[in-house]
Amino acid sequence: QVQLVESGGGLVQAGGSLRLSCAASGRFFSINSMAWFRQAPGKQRELVAEITSGSTTNYADSVKGRFTITRDNAKNTVYLQMNSLKPEDTGVYYCCAQVRIGVVDFPYDYWGQGTQVTVSS
């Protein structure tokens, strides 16, 4: 079984910074892309940033220039550095990883439990 455990959320004032971490554990062959999504109250879950196994990144337009996604493949961990936070960044942030359990298996999306980020104005 694969588990994703997130940490680093919290309450911060506008203009502040937070760093989220998500570590994958369990028995698996490899992890392809890893990503962060967020969901604000009453809104759909949206992609914030993603990073491939080769460290190619993609960001939502709303966070470009403020957020940075990185990963440590040796630790099976993905990070999200969030700077210049705005109240509209508030939401539950979820980690997602495309995990290949066995060498011949198709990748499957696994999700973390979510971590709350609240930005006050």
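For this chain, numbers begin at 1 and follow the sequence in order. Because the structure is a prediction, the values reported are computed rather than measured.
- Checked by atom type and distance alone, the side chain of E6 pairs as donor or acceptor with a backbone atom of Q113 at under 3.5 Å.
- The backbone N or O of D105 sits less than 3.5 Å from a side-chain atom of R100, completing a donor-acceptor pair.
- One distance of note links CD of Q116 with CD of Q39; it measures 11.0 Å at 0.5 Å rounding.
- In this structure, I101 CD1 and F28 CZ are separated by 7.5 Å, a value rounded to the nearest 0.5 Å.
- Between Y110 and Y108, the ring centre distance stays below 6.0 Å.
- Taken from CD in E50 to CG in N32, the straight-line distance is 12.0 Å, to the nearest 0.5 Å.
- The minimum heavy-atom distance linking V63 with V48 is given by the pair CG2-O, 3.6 Å.
- Residues P87 and A14 come closest through the heavy atom pair CD-CB, 4.1 Å.
- One finds the CG atom of L4 at 7.5 Å from the CD1 atom of I31 (value rounded to the nearest 0.5 Å).
- Looking only at side-chain heavy atoms (C-beta outward), M82 and V117 come within less than 4.5 Å of each other.
- In this pair, Y94 and W111 present their aromatic rings perpendicular. The plane angle is above 60°, beyond the 30 to 60° band.
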(Q) Between I51 and Y59, is the side-chain contact (heavy atoms from CB on, under 4.5 Å) condition met? List the steps. (A) CA-CA 9 Å; I51 184 167; Y59 297 92; over 6 Å; no
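- A distance of 10.5 Å separates CG of L80 from SG of C22, quoted to the nearest 0.5 Å.
- Around the CD atom of Q3, the shell of radius 6.0 Å holds no more than 12 heavy atoms that belong to other residues, nucleotides or ligands.
- Electrostatic pairing of D89 and K86 does not count as a salt bridge here, judged by no charged N lying under 4.0 Å from a carboxylate O.
- Hydrophobic clustering keeps L85 apart from V92 (ILVMFWY residues linked when any side-chain heavy atoms are closer than 4.5 Å, directly or through intermediates).
- Under the 4.5 Å side-chain heavy-atom criterion for grouping Ile, Leu, Val, Met, Phe, Trp and Tyr, V2 is not connected to F37 through any hydrophobic cluster.
- Closest non-hydrogen pair, M34 versus I69, comes out as O-CD1, 4.0 Å.
- A donor-acceptor pair under 3.5 Å is formed between the side chain of R71 and the backbone N or O of T52.
- Remark: the backbone N or O of V119 is paired with a side-chain donor or acceptor of T90 at under 3.5 angstrom.
- A donor-acceptor pair is defined here as one N or O able to donate and one able to accept, closer than 3.5 Å; no such pair exists between the side chain of Y79 and the backbone of T68.
- Residue R66 comes nearest to S84 through the heavy atom pair NH1-O, 2.9 Å, listed as atom of the first residue, atom of the second, then distance.
- Minimum heavy-atom separation, G102 to F29: C-CB, 3.8 Å.
- Residues N83 and S17 bring a donor and an acceptor atom of their side chains to less than 3.5 Å of each other.
- The CZ atom of R45 lies 8.5 Å from the SG atom of C96; values are rounded to the nearest 0.5 Å.
- Residue L20 comes nearest to G9 through the heavy atom pair CD2-N, 3.5 Å, listed as atom of the first residue, atom of the second, then distance.
- Side chains of N58 and T56 form no contact here, defined as non-hydrogen atoms less than 4.5 Å apart.
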